[in-house]
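As structure tokens, the structure follows; a few thoughts come after it.
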Amino acid sequence: MMLESFEPIHGVLLCEGEDIDPSHYESDIANLSADELEEIRRLHASDTAVDREKDAIELGLAKLCLERNIPYLGICRGSQILNVACGGTLYQDIGKEHEKHVPENQRVVHMDYDNYDGHRHPVRIVENTPLEQWFSDSLDGGRKDILVNSYHHQGVKRLAQRFVPMAFAADGLIEGFYDPDAYNPEEGKFIMGLQFHPERMRHQDSDEFDYPGCPFAYKEFAKAVIAYQKKLNNSLTSVPKLLKLDGEMERKRKIIIRSFSLARNIYEGGNGNNHSKESELEAGAEFLESNTALSLQQETRLKQMGATVRNASSYMEKLRMNEKRENLARNVMNKMSVEQLSDLMSFYHMMGQICSEVLERKLTGIVNELTS
């Protein structure tokens, strides 16, 4: 699945689902015996049916959000996806791996099939976090506890380094986390994972929330998405102020445009041996050689004008080489898995973003030197 099909992405909200394939975060099977694994599959039959394609898509989306600082809110499985995407790990089964090491009076039931939506357990909210701010009206004096719902048999084992915990269950399990360096909803920044479902924390047979703070995660996420969208739109529509050219500069500009247009016509006409026009192509070639720092938008516009060649014959040779490289790349990629392709695409997108930013800075420097 190509992530481009989701573009433009202004925010990602991932919720519940099956267990994540443990191969994404563990090299072994957590020292669980065959009998223990079979018991886990029997108790949690609907969750243990791994969907590898879904894993690859959602992990790819999470990594994309982390690379571009796109607002991301992960609920339940979505929070686990976020942690794994950043290099964190999970308990394959909390009961088998975690609870047996916890004192009996601190153990927590994280999944109650007999009281699915009604089950609650306490969590301690960490000070100076968004959760404390959202639920401040419901926190009793020095106590920072609230009751949350719980629908999971897996959970965060090792939290990825970039994240900070926001809430803990009595057994020490992390129930919420965020990236403090990527949290400012007004500026379009929001990276967070919650193990519980605030939207389903409601009084029995009522739409009233358990706490006034329950909707805030979604309100702040929506605020961040809107801000990010505005920021993205502004960056795409901003047009640099045009320089006023004198007569000589205008004449040179027209020569360069003529050179680019001629290159395009030669390419489209398929006539790569028209040597009489090669001298006119040199003006465009010289311009491209002396101005290597071009933004993505400028590069696209120049390509539309034909600014892709030094001369027609060399361009046709480059086309043939590019075709060979493309066929070779396609053969290699056809052998890659969906997950490998997703990771590869995320990497090159990240490198493209970095190159675009560096080129934009360099181009700005060139323009400033010309106008100073």
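Start at 1 with the first residue, then count along the sequence.
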Should Y72 and L66 count as side-chain neighbours, where that means a heavy-atom distance under 4.5 Å? no
Residue pair Q340 / M333, side-chain heavy-atom distance below 4.5 Å: no
What I want to find out is whether R52 reaches D21 closely enough, with some N-O distance under 4.0 Å, to be called a salt bridge. yes
Check whether any side-chain N or O of T89 sits under 3.5 Å from a backbone N or O of R158 as a donor-acceptor pair, and report yes or no. yes
With sequence neighbours left out, which residue pairs that include part of residues 169-184 fulfil the salt bridge (Lys or Arg N to Asp or Glu O under 4.0 Å) condition? R162-D179
Within the 4.5 Å heavy-atom criterion, are P71 and H10 side-chain neighbours or not? no
Taking the side chain as everything from C-beta on, heavy atoms only, tell me whether P198 gets closer than 4.5 Å to P215. no
Would you mind checking if E104 and R107 are paired as a salt bridge, meaning a charged N to carboxylate O distance below 4.0 Å? no
Please check if the side chain of S206 supplies one atom and the backbone of H203 the other of a donor-acceptor pair under 3.5 Å. no
Rounded to the nearest 0.5 Å, the CD atom of Q154 sits from the NE2 atom of H152 at a distance of 10.5 Å
The reported gap from OH in Y151 to CD in E16 (rounded to nearest 0.5 angstrom) is 8.5 Å
List the steps and the verdict of ring pair (Phe, Tyr, Trp, His ring centres under 6.0 Å) for H110 and H153. CA-CA 6 Å; H110 290 279; H153 79 101; over 10 Å; no
From Y228 OH over to L232 CG, what is the distance, rounded to the nearest 0.5 angstrom? 5.0 Å
Judged by atom type as modelled, is there a donor-acceptor pair below 3.5 Å linking the side chain of D145 to the main-chain atoms of P122? no
What distance do I57 atom CD1 and I81 atom CD1 have between them, rounded to the nearest 0.5 Å? 10.5 Å
Flag side-chain contact, heavy atom, 4.5 Å: L64 against I9: yes
Over-ring placement of K219 relative to F216, 6.0 Å and 45° cut-offs: yes
Taking atom NZ as the centre, does K189 end up with more than 12 heavy-atom neighbours from other residues, nucleotides or ligands that are less than 6.0 angstrom away? no
Flag the pair E132 / W134 as yes when at least one side-chain heavy-atom distance between them is below 4.5 Å, and no otherwise. no
Check whether any side-chain heavy atom of I146 lies under 4.5 Å from a side-chain heavy atom of V123, and answer yes or no. yes
Give me the one residue out of R200, R120, R202 that meets side-chain hydrogen bond (donor to acceptor under 3.5 Å, both in side chains) with D210. R120
L194 versus L131: any side-chain heavy-atom pair under 4.5 Å? yes
Rounded to the nearest 0.5 angstrom, the NE2-OG distance for H121 and S150 is 3.5 Å
Consider ring-ring contact (aromatic ring centres under 6.0 Å, His included). Of Y178, Y183, F177, which one does F163 pass it with? F177
Quick test of your reading of the model: are R77 and D55 salt-bridged, counting only N-O distances below 4.0 Å? yes
Gap separating the CG atom of L14 from the SG atom of C65, nearest 0.5 angstrom: 7.5 Å
Step through the shown structure and confirm whether more than 12 heavy atoms of other residues, nucleotides or ligands are within 6.0 Å of CD on Q204. no
